Amino acid sequence: MADMLSVGVNLEAFAQAISAIQALRSSVSRVFDCLKDGMRNKETLEGREKAFIAHFQDNLHSVNRDLNELERLSNLVGKPSENHPLHNSGLLSLDPVQDKTPLYSQLLQAYKWSNKLQYHAGLASGLLNQQSLKRSANQMGVSAKRRPKAQPTTLVLPPQYVDDVISRIDRMFPEMSIHLSRPNGTSAMLLVTLGKVLKVIVVMRSLFIDRTIVRGYSENVYTEDGKLDIWSKSNYQVFQKVTDHATTALLHYQLPQMPDVVVRSFMTWLRSYIKLFQAPCQRCGKFLQDGLPPTWRDFRTLEAFHDTCRQ
């Protein structure tokens, strides 16, 4: 046998395989020639048929023999460890314990990932360059004195406006009662009672919701001094799950220019928990999974899902 190349190909077997391919093509050509010529050079019909069948069988046996030889040689040829070695890094593929230290395959994977990242970055750059941005390079050089700083007016809304927004939302949902209080000055705190299912403490900064805590309907929501308890978790796992989902909803409903719409959207989403223990999961159709009802509500459709079924 010839020496093996660094890419793992047996040259002698490779040359024999090429000859076997040529022999196989010749055998196949003889089969079609036999079919083309048909039955000839025999006086009787029976003699012509026997001669044709014998000749055809010999040609088929030759094809089968050449095909088996080609398959045998193909197993001896071997194959390159990788199709495109990266310069001297191809020497890593010669490691006899490649299964334990697959450095070369990992290097190729990283190279392909880098090429794909560069391709997508180029597409993203082209799309961004097509957008007409308002802030140009010339505007960036303008002095700060000539550029008046915008005042965050949405953060200093008057308390009366906040009260009106909460009052309108309270009238929108008859099964939800909202009690507003201001124990620490102008910042509002809401105690939302949803039917006889749960209670939610909503800590607000003007019309922006900072924090939500969900507890069961029968759980105590006040501290010993009579203030709303905004730090203690619920004693029940189901309401702890709902608290986590409510925090996720706060991150989803973000529209700083229209904070009243954000509060109304969040309350609409929160109202979907009125059937927390009655609605089945829209994915698996079950009411309980691991002892818990469907605690997730879709932000768009408000459909109920188990925490594992929503993914």
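Here the structure is a predicted model, which means the values were calculated and not measured. Numbering of residues begins at 1 and proceeds along the displayed sequence.
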Review point. Does any pair with a residue in residues 163-180 pass salt bridge (charged side-chain N to carboxylate O under 4.0 Å, His left out), and if so which ones, sequence neighbours excluded?
Key: Asp163-Arg182, Glu175-Arg271
Check your understanding: Shared ILVMFWY cluster between Val214 and Val203, side chains joined below 4.5 angstrom?
Key -> no
**Study point:** Residue pairs, two or more places apart or on separate chains, that pass salt bridge (charged side-chain N to carboxylate O under 4.0 Å, His left out) and touch residues 252-266
**Key:** none
Review point. Listed by chain and number, what are the salt bridge (Lys or Arg N to Asp or Glu O under 4.0 Å) partners of Arg72, not counting sequence neighbours?
Key: Glu69
Practice item. Keeping to residues at least two apart or across chains, list the ring-ring contact (aromatic ring centres under 6.0 Å, His included) pairs with something in residues 225-254. Key: His245-Trp296, His252-Phe299, Tyr253-Phe299
Point to revise | side-chain contact (heavy atoms from CB on, under 4.5 Å) assessment of Val262 paired with Gln254 | key: CA-CA 6 Å; Val262 173; Gln254 288 291 335; 5.9 Å; no
Check your understanding: Does any non-hydrogen side-chain atom of Asn235 lie less than 4.5 Å from one of Glu219?
Key -> yes
**Study point:** Single-linkage hydrophobic cluster, 4.5 Å side-chain cutoff, Val263 and Phe173 together
**Key:** yes
Exercise for review: Among Asp229, Ile201, Leu228, find the residue that satisfies the side chain to side chain contact (heavy atoms under 4.5 Å, CB included) test when tested with Tyr222.
Suggested key: Leu228
**Study point:** Working for side-chain contact (heavy atoms from CB on, under 4.5 Å), residues Val192 and Leu198
**Key:** CA-CA 8 Å; Val192 182; Leu198 51 82; over 6 Å; no
**Study point:** Separation of Asn68 CG from Leu24 CG (nearest 0.5 Å)
**Key:** 10.0 Å
Revision key, fill the gap. By side-chain hydrogen bond (donor to acceptor under 3.5 Å, both in side chains), Thr268 pairs with (sequence neighbours left out) none
Exercise for review: Under the side-chain contact (heavy atoms from CB on, under 4.5 Å) rule, what do Ser272 and Glu303 come out as? Steps first, then yes or no, please.
Suggested key: CA-CA 8 Å; Ser272 63; Glu303 294 179 338; over 6 Å; no
Point to revise | Closest non-hydrogen atom pair, Phe208 against Pro259 | key: CZ-CB, 4.2 Å
Practice item. Compare all side-chain heavy atoms of Ile230 with those of Met189 and state whether any distance is below 4.5 angstrom. Key: yes
Check your understanding: Quick one: are Thr212 and Phe266 in side-chain contact, heavy atoms under 4.5 Å?
Key -> yes
Study note, to complete from the structure: Across all chains, not counting sequence neighbours, the salt bridge (Lys or Arg N to Asp or Glu O under 4.0 Å) partners of Lys241 are Asp307
**Study point:** Ser27-Asp66 side chain donor-acceptor pair, cut-off 3.5 Å
**Key:** yes
Review point. Is the backbone N or O of Val261 less than 3.5 Å from a side-chain atom of Ser265, with the two atoms forming a donor-acceptor pair by type?
Key: yes
Practice item. Look at the side-chain heavy atoms of Ile, Leu, Val, Met, Phe, Trp and Tyr, link any pair under 4.5 Å apart, and say whether Leu190 and Ile169 land in one connected group. Key: yes
Check your understanding: In this structure, which one of His120, Lys112, Gln118 forms a side chain to side chain contact (heavy atoms under 4.5 Å, CB included) with Lys116?
Key -> His120
Exercise for review: Could you list the residues that satisfy salt bridge (Lys or Arg N to Asp or Glu O under 4.0 Å) with Asp210, not counting sequence neighbours?
Suggested key: Arg205
Review point. At what distance, to the nearest 0.5 angstrom, does OH of Tyr161 lie from CG of Leu207?
Key: 6.5 Å
**Study point:** Flag side-chain contact, heavy atom, 4.5 Å: Leu191 against Ile178
**Key:** no
**Study point:** salt bridge (charged side-chain N to carboxylate O under 4.0 Å, His left out) pairs, two or more places apart, involving residues 18-31
**Key:** none
Point to revise | Residues which pass side chain to side chain contact (heavy atoms under 4.5 Å, CB included) with Pro174, listed by chain and number, not counting sequence neighbours | key: none
Check your understanding: Would you call Leu194 and Val200 a side-chain contact if the rule is heavy atoms closer than 4.5 Å?
Key -> no
Revision key, fill the gap. Smallest heavy-atom separation, Val202 atom then Met267 atom, equals CG2-CE, 4.5 Å
Review point. Same hydrophobic cluster for Leu123 and Trp113, using side-chain heavy-atom links shorter than 4.5 Å among ILVMFWY?
Key: no
Exercise for review: Please tell me if the side chains of Lys199 and Ile213 come closer than 4.5 Å, counting only heavy atoms from C-beta onward.
Suggested key: no
Practice item. Indicate yes or no: at least one non-hydrogen side-chain atom of Asn64 is less than 4.5 angstrom from one of His61. Key: no
Review point. Does any pair with a residue in residues 275-301 pass salt bridge (charged side-chain N to carboxylate O under 4.0 Å, His left out), and if so which ones, sequence neighbours excluded?
Key: none
Check your understanding: Is any side-chain heavy atom of Pro294 closer than 4.5 Å to a side-chain heavy atom of Gln282?
Key -> no
Check your understanding: Gln289: what forms a side chain to side chain contact (heavy atoms under 4.5 Å, CB included) with it, not counting sequence neighbours?
Key -> Cys284, His306, Thr308, Cys309
Check your understanding: Between Phe52 and Phe56, what is the ring plane arrangement, given parallel below 30°, perpendicular above 60°, and tilted in between?
Key -> parallel
Point to revise | Sequence-distant partners of Ser177, side-chain hydrogen bond (donor to acceptor under 3.5 Å, both in side chains), two or more places apart | key: none
Practice item. Please report the closest heavy-atom contact between Ala304 and Ala279, naming both atoms and the distance. Key: CB-CB, 4.2 Å
**Study point:** Value rounded to 0.5 Å, distance of OG in Ser19 from CZ in Phe14
**Key:** 11.0 Å
Review point. If you round to the nearest 0.5 Å, how far is CZ of Arg65 from CG of Leu60?
Key: 11.5 Å
Review point. Mind checking whether Val242 and Tyr217 sit in one hydrophobic cluster, side chains of I, L, V, M, F, W, Y counted as touching below 4.5 Å?
Key: no
Study note, to complete from the structure: Heavy-atom nearest pair, Pro293 first then Leu288, reads N-CD2, 3.7 Å
Practice item. Please round to the nearest 0.5 Å and tell me the distance separating atom OG of Ser26 and atom CG of Asp33. Key: 10.5 Å
Check your understanding: Do side-chain atoms of Tyr273 reach the backbone of Thr295 as a donor and acceptor pair under 3.5 angstrom?
Key -> yes
Practice item. Can you measure from NZ (Lys50) to CD1 (Ile53) and round to the nearest 0.5 angstrom? Key: 9.5 Å
